[in-house]
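First up is the structure itself, then whatever we jot down about it.
Letters A, B, ... mirror the listed sequences (proteins, then strands); counts begin at 1.
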Number of protein chains: 2
Amino acid sequence: MPASMPLTRAAPPSGPPARHCASVSAASAGLEALLRQFPLQRHGLRRKQYLFRAGQPCRALFLVHAGCFKTCVLSEDGREKITGFHLRGDLLGADSLDLPVHACDAIALDVSDAWELPVWMLQGQLAGVLHQVTLTLAADLRRDWQWMLALGTLGAEQRVALFLLDLAARLQARGFSPRQMLLRMTRAELGNFLSLQLETVTRALGRLSASGLIRVNGREIRINDAEGLRRLLER
Amino acid sequence: MPASMPLTRAAPPSGPPARHCASVSAASAGLEALLRQFPLQRHGLRRKQYLFRAGQPCRALFLVHAGCFKTCVLSEDGREKITGFHLRGDLLGADSLDLPVHACDAIALDVSDAWELPVWMLQGQLAGVLHQVTLTLAADLRRDWQWMLALGTLGAEQRVALFLLDLAARLQARGFSPRQMLLRMTRAELGNFLSLQLETVTRALGRLSASGLIRVNGREIRINDAEGLRRLLER
DNA sequence: CGGTGGTTTGAATCCGTTCAAGAACCGTGG
DNA sequence: CCACGGTTCTTGAACGGATTCAAACCACCG
């Protein structure tokens, strides 16, 4: 196996920062720029550590500064659903802005760093930040809709292909390579997010690999033919 | 078929307005109260009419005042997904607050009435309203997560049961009967929302009906045993 | 009336799940 | 360094629930 790759690690991007597409990034980028001048508390986390838990009082939002997080909701009877994977620039915790407690868990999938943004700060002079938060909420909502659409209309192989394309685009927007990536999540977590069993994820990756569109080596994935992946999603 | 029932129709609720649960309603109720004093333009719509379309410039948000709407997103290759059904008090259009154009279609499923809330109003003295909008966005996001969880972990019968329970609760929160309801959407629309085929919806309703938990007569549904429906969802 | 859109029902098929087993990988401690 | 236990990943085979395709039915409306 090759030496460690940066990707979602703390190492700064080599290329220029986000430039195009994702409105999520656009809003979040604005957020990060706005906050850079304020002295915020930083939270360094290791794998599997919780940034916050559902039910805990939510006194702050968190901006992912490095690493990778998953957020997941839990039903009373123990069913769990991962609602998203989050990279640098993503905002966590805004979903429970109208609640006294967090509505989901946020768990580091890797060595990660998050900036704490106390809610009382949003009330005061940082109303601009609150507005930014509103915009990221809207963008998050639309992103969820896109995944709902995908999960409701695409087969297993297509879902996995879409996930890889989406992740590649997000990595590229952060200055990383859009072709070579190292997944931070297990097959089970990926399956949970895509509403598939982990075995199905494995098989889908296997088939994509067999058709030459990607190369798979455990969690290390190389996209050989992004256009081919996109073509899989049509119709 | 019996005479027309009120339910989501324009007729005012007989009982008291929303009182308990749904945080969505809580936030929206606040919104409606806030706006009642302002002279807003009203839009009366008939079945299948568009309140707004994806791609249209979004100059305003809309508060559902009467009737029932569906919102749906569309992929380039024609796949469609209904993201929600909306009753009185629900806010439409906030999802594209950070965009110049709407991101979804909003279509009346029934004779409906919506209040137009121009975005420029939100900038000025109505900052309080904007804050309310933020809160409803957060609540919407969580609601989406709940449905993602449901669609990813529940079978067809369970999804339909959950939908009926959810709709019943929302109707009750608006002063209507939580036992007797008239669906405003087709089996196909329901199936689309629940990520099922329309035939599957029909069969699921049939099975729930056969087990005595509900009574089905076309779009007219009576919940005989809400607790039994809830029991279906456990585990 | 015929036509249209919506619903129901049946039968065959298919895709993803489930269950089971084994392989590969990882961090840890002897 | 290697042995170890636990986690993660892969692969196979059988199963099952939802889909697909087809047909008939119904209510409503022009």
Q) Would A:K81 and A:S195 count as having a side-chain donor-acceptor pair, cut-off 3.5 Å? A) yes
Q | Interatomic distance where CD belongs to B:E220 and P belongs to C:dG6 [whole Å] | A | 19 Å
Restricting both atoms to N or O, compile the protein contacts to nucleotides 3-5 of chain C shorter than 3.5 Å, with distance only.
none

Q: Would you kindly give the CG-to-P distance between A:L154 and C:dC14, to the nearest whole Å?
A: 20 Å
Q. Reckon A:S209 touches a base, only the sugar-phosphate, or nothing at all at heavy-atom distances under 4.0 Å?
A. nothing
Q. Is A:R59 atom CZ crowded by more than 12 heavy atoms from other residues, nucleotides or ligands, each under 6.0 Å away?
A. no
Q. What about A:R203, does its side chain sit under 3.5 Å from the base of C:dT18 through a donor-acceptor pair?
A. yes
Q. For the pair made of CG in A:L190 and C1' in D:dC9, what is the distance, rounded to whole Å?
A. 13 Å
Q) What is the distance from CZ of A:R184 to C1' of D:dT8, rounded to the nearest Å? A) 16 Å
(Q) Please check if the number of heavy atoms outside A:E227 that lie under 6.0 Å from its CD is greater than 12. (A) yes
**Q.** Whole angstrom value for the distance that separates P of D:dC9 from CZ of A:R187
**A.** 5 Å
Q: Rounded off to whole Å, could you give me the CG-to-P distance for the B:L194 and D:dT19 pair?
A: 11 Å
Q. Just checking B:G155: base, sugar-phosphate only, or nothing, at a heavy-atom cut-off of under 4.0 Å?
A. sugar-phosphate
Q. If you check the A:R219 side chain, which of C:dT17, D:dT20, D:dC9 turns out closest?
A. D:dC9
Q.
Ring-plane angle category for B:H102 and B:F52, please: parallel below 30°, perpendicular beyond 60°, tilted otherwise.
A. parallel
Q) Given C:dT18, D:dC21, C:dT17, which nucleotide is nearest the side-chain atoms of A:L196? A) C:dT17
**Q.** Presence of donor-acceptor pair under 3.5 Å, side chain of A:Q197 and base of C:dC19
**A.** no
Q: May I ask you to decide if the ring planes of B:H65 and B:W115 are parallel, tilted or perpendicular, using 30° and 60° as cut-offs?
A: parallel
Q. Is it true that a side-chain atom of B:R187 and a backbone atom of B:G218 form a donor plus acceptor pair closer than 3.5 Å?
A. yes
Q) Is A:E157 side chain donor-acceptor paired with the C:dC15 base, going by distance under 3.5 Å alone? A) no
Q: Provide, to the nearest angstrom, the distance between the CG atom belonging to A:L109 and the C1' atom belonging to D:dT8.
A: 15 Å
Q) Rounded to the nearest Å, what distance is computed from the CG atom of residue B:N217 to the C1' atom of nucleotide D:dC26? A) 12 Å
Q: Consider the side chain of B:L198, meaning its heavy atoms from C-beta on, and name the nucleotide among D:dT19, C:dT7, D:dT11 that approaches it most closely.
A: C:dT7
Q: Would you mind checking if B:D90 and B:R174 are paired as a salt bridge, meaning a charged N to carboxylate O distance below 4.0 Å?
A: yes
